2 protein chains.
Amino acid sequence: MTQPRKTPTMADVARLAGVSPMTVSRAFKRDTSVSEATREAILKAAEEIGYVFDSAASSLRSQRTDFVAVTIPSINNANFAETLRGLTEGLKVRGLQILLGYTDYDIHEEERLVEQLLRRRPEAIVVTGGKHTPRTRRLLENAGIPVVETWDLPEAPIGHVVGFSNADAVRGMVDHFVARGLTRIAFIGGDADRDTRGTDRREGFVAAMQANGLEATRLIAAGAPPISMREGADAMGRLLDSLPDTQAVICVSDLSAFGALTECQRRGVRVPEDIWIAGFGDYEIAEVAVPALTTINPFPREIGAKAAALILEVLDGRQAGPVTLRIAPELMIRQSSR
Amino acid sequence: MTQPRKTPTMADVARLAGVSPMTVSRAFKRDTSVSEATREAILKAAEEIGYVFDSAASSLRSQRTDFVAVTIPSINNANFAETLRGLTEGLKVRGLQILLGYTDYDIHEEERLVEQLLRRRPEAIVVTGGKHTPRTRRLLENAGIPVVETWDLPEAPIGHVVGFSNADAVRGMVDHFVARGLTRIAFIGGDADRDTRGTDRREGFVAAMQANGLEATRLIAAGAPPISMREGADAMGRLLDSLPDTQAVICVSDLSAFGALTECQRRGVRVPEDIWIAGFGDYEIAEVAVPALTTINPFPREIGAKAAALILEVLDGRQAGPVTLRIAPELMIRQSSR
DNA sequence: ACAGGCGTTGTTATCGATAACATAAACGGG
DNA sequence: CCCGTTTATGTTATCGATAACAACGCCTGT
């Protein structure tokens with residue numbers, strides 16, 4: 001009845017089951033040759049003494065950690081959460097576990113994080129975005145594992161890419177608005193370049209406006225990225241105060257777009273009769289809001305699923321060279337812009 | 001210029017820096033006696049050959065992984081994300097990294113997850129909720145590490161607790177509504193007992209209604225937990241169709257409450273003039289929505305921060321017995337209920 | 001009856017960092 | 001100037017699982 005002081009090891013299980021430690025090791029793996037009877041006896045013995053497999057030892061010897069490292073800007077974001085879900089689902093069929101870290105939209109934090117994560121010797125690493133510090137880039141290049149950049153189309157990819165052009169996606173939105181006859185279009189985004197996808201979207205907006213021969217001067221900055229609903233509402237307030245003749249506003253995300261919508265509701269400004277509003281991300285709120293928000297669906301789940309599938313192909317040697325998978329974001333026209 | 005085939009180890013760094021591997025090991029730790037000159041030389045050598053510390057080997061020998069395991073029901077949830085942030089911030093000062101898993105609100109998935117996580121030999125484990133399978137309970141009890149249950153007040157805690165009573169919190173809301181003279185109050189929640197916190201809230205609602213001598217019959221079930229904005233809207237539609245004299249509705253979360261609000265907007269039902277709506281969680285949307293939603297703030301960030309602080313105390317031996325820290329959720333009365 | 005093959009189990013050495021112990025060098029106080 | 005103390009570094013053995021290799025028994029086909 002005396003509980004052994006130390007955590008039991010495979011050797012303890014082996015002794016109880018009357019086999020060698022190696023056989024115990026095999027019993028804990030799939031696709032190994034252990035007779036069904038032995039395996040059951042071993043698992044029963046393990047359960048009895050409360051043995052829990054030690055991955056640290058296993059990893060050291062086998063040089064396999066079954067980790068895939070993932071960095072995302074923020075956990076509290078439905079889009080990245082979906083990407084993560086796609087990754088998790090895709091990787092768990094192979095027993096690969098996700099080692100997650102978040103960067104708070106800061107590439108220097110990303111550098112620290114990537115180094116931390118690489119110490120755990122992941123089998124592959126997925127990063128969000130295509131802009132990194134030089135050192136991050138070097139670390140990733142020398143890691144000797146598959147690297148996947150997502151949510152962007154970097155000019156000089158480190159390895160694989162599953163993403164889309166944020167600038168082009170917003171361009172599509174602007175073109176659509178212009179085709180419907182609008183000219184005085186504004187953009188609400190963050191006030192810094194921390195969120196590189198947000199910056200790309202703003203630049204896409206400016207480029208698209210100029211390409212259409214329109215002024216891209218209605219740019220409202222609304223706090224540190226990622227901007228919140230509240231900040232979207234504040235920005236909308238300032239826009240309505242300073243440029244009341246604005247016909248449409250494109251927001252860097254659905255959250256700020258919803259905030260902007262609520263500000264209109266508080267002021268009695270009618271959407272879409274008085275002003276159109278569009279967001280980015282196709283969050284649930286865009287569909288449910290009254291009026292429903294026009295937005296862009298970047299298929300976040302698919303990004304994760306494709307990244308996972310790609311990683312498995314590369315690890316299996318079924319894919320040699322670096323791959324770039326393009327996602328085609330979809331324009332979702334809803335009541336807030338018609 | 002020939003890149004060595006294999007990943008460099010401390011021995012390689014040691015050779016280049018002209019010291020023993022042990023000294024390299026010390027140079028990578030804090031609070032160890034290595035002269036500043038040697039440390040710099042070692043770090044320089046490490047950088048030069050692209051050495052990356054191998055935590056698997058370190059963990060095996062030192063029996064310290066610097067992991068804290070955390071299970072949450074879903075990543076795509078602002079409340080749990082806040083708890084996670086509190087944990088991360090609190091733990092990273094000690095170099096503890098979070099090993100995250102999500103259960104999808106399923107205690108059997110939680111069992112698999114807990115076993116997976118324990119294999120990585122975390123220094124402590126934080127689980128969401130106080131209801132587990134017997135095996136999960138046994139695994140946690142025998143893990144030999146600090147266990148913290150959160151977001152609940154279990155009757156028989158496994159170890160430490162940082163949480164609150166979901167039932168009591170909703171009771172406070174019901175009492176408030178009754179004190180304002182309402183009697184026909186409904187509850188919108190999920191249609192299964194998967195989300196145990198949701199179930200506790202519904203039971204708290206029923207108990208509070210009965211304690212006030214009122215019928216607790218207006219219970220609308222709206223899909224598998226966690227219920228979405230869309231499902232909240234559907235549920236509200238059914239409530240308005242079947243029980244149009246309902247005076248107030250309490251929703252299991254702010255997301256479903258917001259969905260319910262939008263359904264009212266679509267139907268021209270005025271909030272709060274025709275019906276009151278309340279949610280749970282104090283998500284950002286509750287404050288920004290028009291009208292702003294009455295809700296309950298469970299201080300999710302604080303839950304994480306306190307759990308982190310508690311873990312550090314226990315690991316440092318500054319706290320011996322099991323501790324239960326109660327959080328007092330705050331009723332936030334807003335425009336949707338007055 | 002026997003060679004060859006397959007499935008099952010055992011033996012030995014090893015993955016890479018570091019705890020524990022040992023030692024050499026620097027320091028400091030009387 | 002000497003000895004006790006601190007600081008900096010080296011040596012050896014080890015954490016626990018498993019890769020690589022070996023061996024044993026059983027089956028099958030000729």
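Residue numbers begin at 1 in each chain, while the letters A, B, ... track the order of the sequences. These numbers come from a predicted model, not from an experiment.
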Close N/O contacts between protein and nucleotides 5-10 of chain D (under 3.5 Å):
from   : atom 1 : to    : atom 2 : distance (Å)
D/dT9  : OP1    : B/T38 : OG1    : 2.9
D/dT9  : OP2    : B/S35 : N      : 2.9
D/dT9  : OP2    : B/T38 : OG1    : 3.2
D/dG10 : OP2    : B/S20 : N      : 2.9
D/dG10 : OP2    : B/S20 : OG     : 2.9
D/dG10 : OP2    : B/T23 : OG1    : 2.5
D/dG10 : N7     : B/R26 : NH2    : 2.7
D/dG10 : O6     : B/R26 : NH2    : 3.3

For this session: Consider the side chain of B/M10, meaning its heavy atoms from C-beta on, and name the nucleotide among D/dC15, C/dT18, C/dG16 that approaches it most closely.
Result: C/dT18
Check residues 21-30 of chain B and write down every donor-acceptor pair under 3.5 Å in which the side-chain atom is one partner and the other belongs to a residue at least two apart or another chain.
from  : atom 1 : to    : atom 2 : distance (Å)
B/T23 : OG1    : B/S20 : OG     : 3.2

For this session: For the pair A/E47 and A/K44, find out whether any cationic side-chain nitrogen is under 4.0 Å from an anionic carboxylate oxygen.
Result: no
Problem set entry | A/F80: ring-ring contact (aromatic ring centres under 6.0 Å, His included) partners, not counting sequence neighbours | A/W151
Exercise. Separation of A/F28 atom CZ from D/dG16 atom P, in whole Å?
Worked result: 15 Å
Kindly give the atom pairs (protein nitrogen or oxygen, nucleotide nitrogen or oxygen) under 3.5 Å for nucleotides 23-27 of chain C.
none

Problem set entry | Whole-Å distance separating the CZ atom of A/R15 from the C1' atom of C/dG10 | 16 Å
For this session: Using a strict cut-off of less than 4.0 Å between a Lys/Arg side-chain nitrogen and an Asp/Glu carboxylate oxygen, indicate whether A/R121 and B/D54 qualify as a salt bridge.
Result: yes
Exercise. Rounded to whole angstroms, how far apart are CG on B/L60 and P on D/dA13?
Worked result: 18 Å
Exercise. Do any pairs count as a side-chain hydrogen bond (donor to acceptor under 3.5 Å, both in side chains) and have a residue in residues 96-105 of chain A, sequence neighbours left out, and if so which ones?
Worked result: A/Q97-B/R120, A/Y102-B/T88, A/D104-B/R85
Problem set entry | With B/H132, the side-chain hydrogen bond (donor to acceptor under 3.5 Å, both in side chains) member among B/E111, B/E149, B/R137 | B/E149
Problem set entry | With sequence neighbours excluded, residues passing side chain to side chain donor-acceptor pair (under 3.5 Å) with A/E115 | A/R135
For this session: Measure the distance from CG on A/D54 to P on C/dC15 and round it to the nearest whole Å.
Result: 18 Å
Exercise. OP1 or OP2 of D/dG16 sitting under 4.0 Å from any side-chain N/O of B/Q63?
Worked result: yes
Exercise. Do the charged groups of A/R119 and B/D66 touch, with an N to O distance under 4.0 Å?
Worked result: no
Problem set entry | Distance below 4.0 Å between A/S58 side-chain N/O and D/dT18 OP1 or OP2 | yes
